[in-house]
Amino acid sequence: MAKFINEPSHTFNEYLLIPGYSSSECIPANVSLKTPLVRYKKGETSAITMNIPMVSAIMQSVSGDRLAVALATEGGVSFIYGSQSIEDQAAMVKRAKDHKAGFVVSDSNIRPDATLAEVIALKEKTGHSTVAVTDDGTADGKLVGIVTSRDYRVSRMDKDTKVSEFMTPFDKLVTAKVGTTLKEANDIIWDNKLNSLPIITEDQKLYAFVFRKDYDSHKQNPNELLDKQKRYVVGAGINTRDYAERIPALIEAGVDVVCIDSSEGFSEWQERTIKWVRDNYGDSVKIGAGNVVDAAGFRFLADCGADFIKVGIGGGSICITRETKGIGRGQATALIEVCAERDKYFEETGIYVPVCSDGGIVYDHHITLSLAMGADFVMLGRYFARFDESPSNKVSIGGTYYKEYWGEGSARARNWQRYDLGGDKKLSFEEGVDSYVPYAGSLKDNVAMTLAKVKSTMCNCGALTIPELQEKATLTLVSATSIVEGGAHDVIQKDKTSLK
């Protein structure tokens, strides 16, 4: 007979934090959100410590190279999606890794015979105002000019005007050759009052750009997460099928950490993948695994050697695994049980394996709840999909802007590897949906607001660090009526009426 757990599993929305004593030192400015990303032994520190407890989901509509740079700038890590060719994913990782070096590979390129309309469309797609004009429209073609917003006026020009007619031609550009150091490039920028400096090869092919705005980036972004070479820390998703080919390519591209992307991680497939990594790379390659929802699943992956373990099945906003297959668990209950096992495992072995809460987060305060319940960091999909830096298109529906957002188990993504159980190489049925999320602007502004709320709540609990929050936090289950009471109620809100 099947084993029954008669206690209901709970979601984040069913819990509240009870305030604790707050000293005068408990102010948001004093809160540290540093947290380990990968396993470490007692008395040691994690090889990768994030400055904020946020990573982005391994999804086509969430984690590309632009978002990887933006999130690392704020102190977190993006896991570039693996449901693409090995070559394309490795190229994304390399672009993100190269970005911090100051030499940025151009992702806004156009041919000289293109039109102003195409320039405008490209700017809307990438958000970048500097467009390289190359002979073949590629990032490494022969540079023939540059287009910036100063070169055209949409209101006064025909949109069929050729780029060659209004671009700044090559002979009027200030450029530098490959081999120029970053310091030398910045000196050229300042001496010539430039906003950008193209770096070219001996045969005039575009190599990269150095931008004036990046000069004092670190001062403006003190939390940015860098590797030993002062490059951004970048993650990538892998699967349990082509890891022997994909992982070496990602390592060559400079990836810092990989994570097995799977809807369910308590499997021999993940054991094989982790074993292959350890046999071929030892501990030098960091690999996360999951997802699991109970102590047994955590213990299995920890014993396999996973560097961090993701918790959550079916709680994502675009995930329909629970209703399709009938498996999963309330995210809060799953997280509490797994984190208790994580602590037990640490006591027994002296090895701390960080836990990532993946899915079920709807509101900003759910992040704080997940940290209080034991999570070391959270993985977010819908949250990051809303921003300028996500790979999906921004669309206008009824006068309101949205971003496209689809699940890896949807017919659109068809990421069969994520749901692979060793059968045919196909997605037999959908476990995700195709949707829209409200457009929210830049990652930087939104993450700053979210973390301000997290820090404020931590101060209410008398905690200045995540471990201190986990030690001091008191959580209470709330009734359905209490959940209603927690929001605005028994009033007519002004923004929901036509009253002036």
Side-chain angles (χ1 to χ4, degrees), residues 64-66 69-70 88 91-92 94-95 98-99 102-180 182 184-215 388-396 399 401 403-404 439 441-442:
D65 51 296
R66 283 189 66 203
V69 169
D88 287 347
M92 278 192 175
K94 190 175 188 306
R95 285 198 296 271
D98 288 346
H99 186 96
F103 296 92
V104 183
V105 177
S106 176
D107 68 351
S108 296
N109 311 286
I110 206 161
R111 291 166 54 99
D113 58 356
T115 64
L116 175 59
E118 291 175 271
V119 171
I120 295 169
L122 183 59
K123 182 180 178 182
E124 289 180 352
K125 178 181 178 181
T126 66
H128 297 161
S129 59
T130 298
V131 178
V133 185
T134 59
D135 60 347
D136 58 2
T138 66
D140 56 1
K142 184 177 181 180
L143 184 66
V144 296
I146 286 179
V147 172
T148 71
S149 55
R150 294 179 298 181
D151 293 314
Y152 60 88
R153 294 188 66 176
V154 177
S155 61
R156 295 189 178 185
M157 292 173 61
D158 190 321
K159 291 187 179 179
D160 291 327
T161 305
K162 299 294 184 183
V163 168
S164 58
E165 297 180 33
F166 60 88
M167 70 181 186
T168 301
F170 180 81
D171 58 8
K172 292 185 179 181
L173 295 175
V174 177
T175 63
K177 294 292 178 63
V178 172
T180 302
L182 186 57
E184 291 169 340
N186 281 318
D187 287 342
I188 294 171
I189 287 173
W190 286 96
D191 291 344
N192 292 275
K193 299 180 180 179
L194 305 173
N195 287 323
S196 63
L197 176 69
I199 308 298
I200 59 173
T201 63
E202 290 293 338
D203 53 357
Q204 202 177 311
K205 288 191 174 182
L206 181 61
Y207 172 75
F209 276 102
V210 176
F211 291 97
R212 182 189 188 101
K213 63 182 176 59
D214 292 337
Y215 179 73
D388 288 318
E389 296 84 358
S390 73
S392 65
N393 293 320
K394 182 172 72 173
V395 296
S396 176
Y401 279 109
K403 292 274 283 187
E404 294 179 310
Y439 168 65
S442 74

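Computed from a predicted model, the values in this text were never measured in an experiment.
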Worksheet item: Hey, does Asp98 have a side-chain heavy atom less than 4.5 Å from the side chain of Val104?
Response: no
Item to complete: Applying side chain to side chain contact (heavy atoms under 4.5 Å, CB included), run through Tyr207 and Thr175 and close with a yes or a no.
Response: CA-CA 11 Å; Tyr207 172 75; Thr175 63; over 6 Å; no
Practice prompt. Enter the distance from Thr134:OG1 to Lys142:NZ here, rounded to the nearest 0.5 Å.
Written response: 11.5 Å
Discussion item. Under a plain distance cut-off of 3.5 Å, with no hydrogens placed, do Thr168 and Asp151 share a side-chain donor-acceptor pair?
Written reply: yes
Fill in: Side-chain heavy-atom pair Asp135, Arg111 within 4.5 angstrom cut-off
no
Practice prompt. Test side chain to side chain contact (heavy atoms under 4.5 Å, CB included) on Val105 and Phe209 and set out the steps.
Written response: CA-CA 6 Å; Val105 177; Phe209 276 102; over 6 Å; no
Worksheet item: Between Asn109 and Val131, is a side chain to side chain contact (heavy atoms under 4.5 Å, CB included) present by the stated rule, with each step listed?
Response: CA-CA 5 Å; Asn109 311 286; Val131 178; 5.8 Å; no
Fill in: Nearest non-hydrogen partners of Met167 and Val133, listed with the distance
SD-CG1, 3.7 Å
Worksheet item: Are any of the side-chain heavy atoms of Thr115 and Val163 separated by less than 4.5 Å?
Response: no
Worksheet, complete the sentence: NZ (Lys394) and CD (Glu124) are apart, to the nearest 0.5 Å, by 7.5 Å
Worksheet item: Short question: side chain of Thr180, backbone of Ala176 - any donor-acceptor pair under 3.5 Å?
Response: no
Practice prompt. Indicate yes or no for a side-chain donor-acceptor contact from Asn393 to the backbone of Val395 under 3.5 Å, with no hydrogens or angles considered.
Written response: no
Discussion item. Let me confirm one number: the OG1-CZ distance from Thr161 to Arg156, rounded to the nearest 0.5 Å.
Written reply: 14.0 Å
Discussion item. One thing to verify: whether Arg95 and Asp65 come together as a salt bridge, which I'm taking to mean a side-chain N less than 4.0 angstrom from a carboxylate O.
Written reply: yes
Discussion item. So, taking the atom named CD in Glu165 and the one named CG in Leu116, what distance separates them when rounded to the nearest 0.5 Å?
Written reply: 10.5 Å
Worksheet item: How far apart are the closest heavy atoms of Leu206 and Ala132, and which atoms are they?
Response: CD2-CB, 3.6 Å
Discussion item. Minimum heavy-atom separation for Gly64 and Pro391, please, with both atom names.
Written reply: N-CG, 3.6 Å
Item to complete: Can you see which heavy atom on Asp136 is nearest to which on Thr138, and at what distance?
Response: OD1-OG1, 2.8 Å
Worksheet entry | Spacing of Asn195 atom CG and Phe211 atom CZ [to the nearest 0.5 Å] | 9.5 Å
Item to complete: Examine the side chains of Ser129 and Thr148 and answer whether a donor and an acceptor come within less than 3.5 Å of each other.
Response: no
Item to complete: Could you go through the side chain to side chain contact (heavy atoms under 4.5 Å, CB included) check for Trp190 and Arg212 one step at a time?
Response: CA-CA 8 Å; Trp190 286 96; Arg212 182 189 188 101; 2.9 Å; yes
Worksheet item: To the nearest 0.5 Å, what is the distance between CD1 (Ile146) and CG (Leu194)?
Response: 9.0 Å
Discussion item. Show the nearest heavy-atom pair for residues Ile188 and Leu197, with the distance to one decimal.
Written reply: CG2-CD1, 3.8 Å
Discussion item. Is the shortest side-chain heavy-atom distance between Leu173 and Leu143 below 4.5 Å?
Written reply: yes
Discussion item. Looking at every heavy atom in both Lys123 and Ser149, which two are closest together, and how far apart are they?
Written reply: NZ-CB, 4.2 Å
Fill in: Short side-chain donor-acceptor distance under 3.5 Å, Lys177 and Thr201
no
Worksheet item: Is Tyr152 atom OH crowded by more than 12 heavy atoms from other residues, nucleotides or ligands, each under 6.0 Å away?
Response: yes
